[in-house]
Amino acid sequence: MKEQTIANKQDYCTSFPESLFGIDLSYCCKAHDLAYEVQIPKNEADIALFKCVYDSADGWLVVPSLLVAALMFTGVTAFGRRFYNQARMK
């Protein structure tokens, strides 16, 4: 079976919803996946994900987006090394 690439992948937010509290997270997750694939330093990619998620909301959604961004950042920091290493081997 052929491995999925960023171009044909549908689930960008691995183990996380693509949308939460009305905030579309798929763009940020796709950019994060691509950052891993081109081997941007992991910490920089993870911080960019946090900023993207936080910046993706306005109005009353700013508080939920901060919480979601913090949760996602914690998740990729704690559990993302395997995915980063796998992306390097493609």
Side-chain angles (χ1 to χ4, degrees):
M1 180 194 269
K2 185 178 176 182
E3 284 191 47
Q4 281 191 323
T5 63
I6 295 296
N8 65 7
K9 187 176 173 183
Q10 297 297 317
D11 178 23
Y12 299 111
C13 300
T14 308
S15 301
F16 206 82
E18 301 290 308
S19 177
L20 198 60
F21 300 114
I23 304 166
D24 181 8
L25 305 171
S26 62
Y27 170 81
C28 298
C29 293
K30 183 176 182 180
H32 185 251
D33 287 357
L34 183 60
Y36 274 20
E37 195 169 286
V38 299
Q39 291 294 281
I40 290 174
K42 183 180 178 312
N43 190 47
E44 289 179 28
D46 295 349
I47 290 169
L49 174 67
F50 175 90
K51 289 178 180 177
C52 183
V53 171
Y54 179 68
D55 291 343
S56 66
D58 58 353
W60 71 270
L61 290 174
V62 170
V63 172
S65 73
L66 178 59
L67 297 173
V68 171
L71 180 62
M72 292 178 80
F73 179 77
T74 301
V76 295
T77 299
F79 305 109
R81 178 60 60 187
R82 177 176 60 103
F83 296 102
Y84 186 80
N85 291 340
Q86 285 175 345
R88 181 178 48 209
M89 296 180 165
K90 287 184 182 179

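Along the sequence shown, residues are numbered consecutively beginning with 1.
- Side chains of Tyr54 and Val62 form a contact here, defined as non-hydrogen atoms less than 4.5 Å apart.
- Residues satisfying the side chain to side chain donor-acceptor pair (under 3.5 Å) criterion with Thr77, sequence neighbours excluded, are absent altogether.
- The heavy-atom pair separating Glu18 from Cys13 by the smallest distance is OE2-N, 2.8 Å.
- Between Leu66 and Phe50, the closest side-chain pair of non-hydrogen atoms falls below 4.5 Å.
- Leu20 and Met72 fall within a single hydrophobic cluster, where Ile, Leu, Val, Met, Phe, Trp and Tyr side chains are chained together by heavy-atom contacts under 4.5 Å.
- Between Ser56 atom OG and Lys51 atom NZ the span is 14.5 Å, to the nearest 0.5 Å.
- Side chain of Lys42 to main chain of Val76: a donor-acceptor pair is present (N/O by atom type, distance under 3.5 Å, no hydrogens or angles).
- No continuous path of ILVMFWY side-chain contacts below 4.5 Å connects Phe73 to Leu67, so the two sit in separate hydrophobic clusters.
- The distance from atom CG of Leu25 to atom SG of Cys52, rounded to the nearest 0.5 Å, is 8.5 Å.
- Residue pairs meeting the salt bridge (Lys or Arg N to Asp or Glu O under 4.0 Å) criterion with at least one partner in residues 79-88, sequence neighbours excluded, are absent.
- Partners of Tyr84 according to the ring pair (Phe, Tyr, Trp, His ring centres under 6.0 Å) rule, which considers only residues two or more places apart in sequence or in another chain, are Tyr36.
- With rounding to the nearest 0.5 angstrom, the CD1 atom of Ile40 is 12.0 Å from the CD1 atom of Ile47.
- Contact of the Asp46 side chain with the His32 side chain is registered, since non-hydrogen atoms from C-beta on lie closer than 4.5 Å.
- Two residues are said to be in side-chain contact when any heavy atoms from C-beta on lie closer than 4.5 Å; Phe16 and Leu71 meet this criterion.
- The shortest distance between side-chain heavy atoms of Tyr27 and Lys30 does not fall below 4.5 Å.
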